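In what follows, a structure is listed as structure tokens, so that the remarks can point back to it.
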Amino acid sequence: MMELDCREISRYLGYRGAPLSPEVAAYADTCTSELERTVVPRIIGRRLSLAHLIGESRDLAHHLRHCREGFLYAVTLGAETDRLLRRWSAQSMAKAAVGQAVCAVWLDQLCADHCRELQKGLGTGEYLTPPFSPGYGDWDLSCQGQVLALLEAPKRIGLTLTAAGMLVPEKSITAVVGISHREEELCGQKCMRCQKKACPFRAGEVISKD
């Protein structure tokens with residue numbers, strides 16, 4: 001059975017560090033088990049010049065200011081997960097809420113694992129920045145279409161957009177990580193540079209590096 005960080009599940013549920021209650025922990029175990037039996041995640045990515053993306057967002061440009069190249073990637077838990085979420089909602093709203101958190105933590109873990117593998121393939125003196133996704137800062141969600149097109153995501157993994165610009169399947173993530181020659185850029189903390197200090201899902205403190 002895959003192991004997900006209960007502290008992260010707690011954070012996504014808004015518990016702010018409080019341990020999971022026995023009922024919630026049981027729901028988390030059940031949802032994790034059902035996901036593992038049913039879902040096969042899919043990941044695609046490509047190395048590219050950041051000229052494809054820079055100019056879309058001042059925050060993104062600042063985040064990647066020491067980088068010329070990076071990796072664009074997408075991770076999806078697939079349509080099977082969307083069906084499970086609908087089933088859980090019909091069974092229990094509490095179970096559905098826990099299931100949403102479990103999916104979010106699994107997606108984060110898959111992205112972190114993917115970035116670790118990318119880092120292993122880099123040359124000496126190359127480091128990955130933290131990931132940055134459409135919707136962070138002023139990088140507008142409307143840019144998801146461009147990201148999916150660059151990845152050929154609809155054809156390769158069936159990842160598309162609704163008319164409102166939301167990803168389908170729902171439990172999916174797209175992101176870019178820059179390739180920097182500055183070791184201090186290397187950081188696995190996804191909230192490190194986000195300025196939304198009041199975010200209820202925030203992990204850790206903001207550390208600003210110039």
Side-chain angles (χ1 to χ4, degrees), residues 1-39 41-43 59-60 63 73-78 80-82 84-89 91-119 128-139 141 144 166-177 185-209:
M1 183 174 178
M2 63 182 175
E3 296 184 5
L4 300 180
D5 191 337
C6 289
R7 294 169 299 179
E8 285 295 284
I9 295 173
S10 174
R11 180 173 67 84
Y12 272 108
L13 287 169
Y15 286 10
R16 294 186 177 275
L20 299 179
S21 68
E23 180 184 16
V24 171
Y27 275 140
D29 287 343
T30 299
C31 292
T32 300
S33 178
E34 291 185 39
L35 283 165
E36 191 171 34
R37 290 198 307 267
T38 308
V39 174
R42 303 184 71 185
I43 302 174
D59 291 336
L60 177 63
H63 184 78
Y73 65 86
V75 183
T76 182
L77 298 185
E80 297 86 354
T81 301
D82 288 1
L84 275 177
L85 287 167
R86 289 193 293 270
R87 185 191 307 165
W88 294 339
S89 294
Q91 293 172 348
S92 161
M93 292 308 296
K95 182 178 181 180
V98 175
Q100 289 276 358
V102 168
C103 289
V105 173
W106 192 15
L107 274 172
D108 286 348
Q109 182 171 301
L110 289 167
C111 290
D113 291 345
H114 181 60
C115 287
R116 277 192 288 270
E117 289 303 310
L118 292 175
Q119 180 65 52
L128 290 183
T129 69
F132 204 95
S133 296
Y136 287 13
D138 67 352
W139 194 15
L141 280 172
Q144 287 281 30
M166 304 303 292
L167 292 171
V168 178
E170 175 188 349
K171 292 305 173 186
S172 306
I173 290 177
T174 64
V176 61
V177 287
E185 293 281 311
L186 182 64
C187 175
Q189 173 54 267
K190 65 184 176 197
C191 296
M192 178 183 178
R193 296 179 182 175
C194 179
Q195 297 303 310
K196 295 181 180 179
K197 297 183 179 180
C199 176
F201 306 116
R202 188 174 185 79
E205 298 295 327
V206 169
I207 302 172
S208 178
K209 287 182 180 290

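Because the structure is predicted, anything quoted here is derived from the model rather than measured.
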**Report entry** Spacing of CD belonging to Gln100 relative to CE belonging to Met93, to within rounding of 0.5 Å
**Finding:** 9.0 Å

Report summary line: Rounded to the nearest 0.5 angstrom, the OH-OG distance for Tyr27 and Ser21 is 10.0 Å

Report summary line: In short, Leu167 meets Ser172 closest at the heavy-atom pair CD1-O, 3.7 Å

Query raised in the report: Is any side-chain heavy atom of Asp59 less than 4.5 Å from a side-chain heavy atom of Tyr136?
Result: no

Report task. Check the pair Thr30, Val98 against side chain to side chain contact (heavy atoms under 4.5 Å, CB included), reporting the backbone distance first and the verdict last. Result -> CA-CA 10 Å; Thr30 299; Val98 175; over 6 Å; no

**Report entry** Exam field: side chain Ser10 to backbone Cys6, donor-acceptor pair closer than 3.5 Å
**Finding:** no

**Report entry** Side chain to side chain, Pro130 and His63, heavy atoms closer than 4.5 Å
**Finding:** yes

Query raised in the report: Roughly how far, to the nearest 0.5 Å, is the CG atom of Leu128 from the CZ atom of Arg116?
Result: 11.5 Å

Report task. Taking salt bridge (Lys or Arg N to Asp or Glu O under 4.0 Å) as the test, write out the residues that go with Arg7, two or more places apart. Result -> Asp5

Report summary line: Between Thr81 and Cys103 the two heavy atoms that sit nearest each other are CG2-SG, 3.5 Å

Report task. For Cys115 and Val177, work out which heavy atoms get closest and say how close. Result -> SG-CG1, 4.0 Å

**Report entry** Close side-chain approach of Val24 to Tyr15, heavy-atom, < 4.5 Å
**Finding:** yes

Query raised in the report: From Ser133 OG over to Gln144 CD, what is the distance, rounded to the nearest 0.5 angstrom?
Result: 7.5 Å

Query raised in the report: His114 versus Tyr73: any side-chain heavy-atom pair under 4.5 Å?
Result: yes

Report summary line: On a heavy-atom basis, the closest approach of Leu110 and Pro41 is CD1-CB, 3.7 Å

Query raised in the report: Are the side chains of Thr174 and Pro134 in touch, meaning some heavy atoms are under 4.5 Å apart?
Result: yes

Query - Any Tyr12 side-chain heavy atom under 4.5 Å of Val105 side chain - result: yes

Query raised in the report: Do you know the tightest heavy-atom contact between Asp82 and Glu170?
Result: OD2-N, 3.0 Å

Report task. Considering only NZ, NE, NH1 and NH2 on the basic side and carboxylate oxygens on the acidic side, decide whether Lys95 and Glu34 come within less than 4.0 Å. Result -> yes

Query raised in the report: Quick one: does Ser33's side chain have a donor or acceptor within less than 3.5 Å of a partner on Asp29's backbone?
Result: no

Query - Shortest non-hydrogen contact between Gly99 and Cys31, atoms and distance - result: CA-SG, 3.8 Å

Requested in this report: Name all residues meeting the salt bridge (Lys or Arg N to Asp or Glu O under 4.0 Å) criterion together with Asp138; count only those two or more places apart in sequence or in a different chain, and write none if there are none.
Outcome: Arg58

Query raised in the report: Can you tell which of Leu85, Val75, Thr76 makes a side chain to side chain contact (heavy atoms under 4.5 Å, CB included) with Lys171?
Result: Leu85

Requested in this report: Look up atom CG in Leu4 and atom OG1 in Thr32, then write down how far apart they are to the nearest 0.5 Å.
Outcome: 4.5 Å

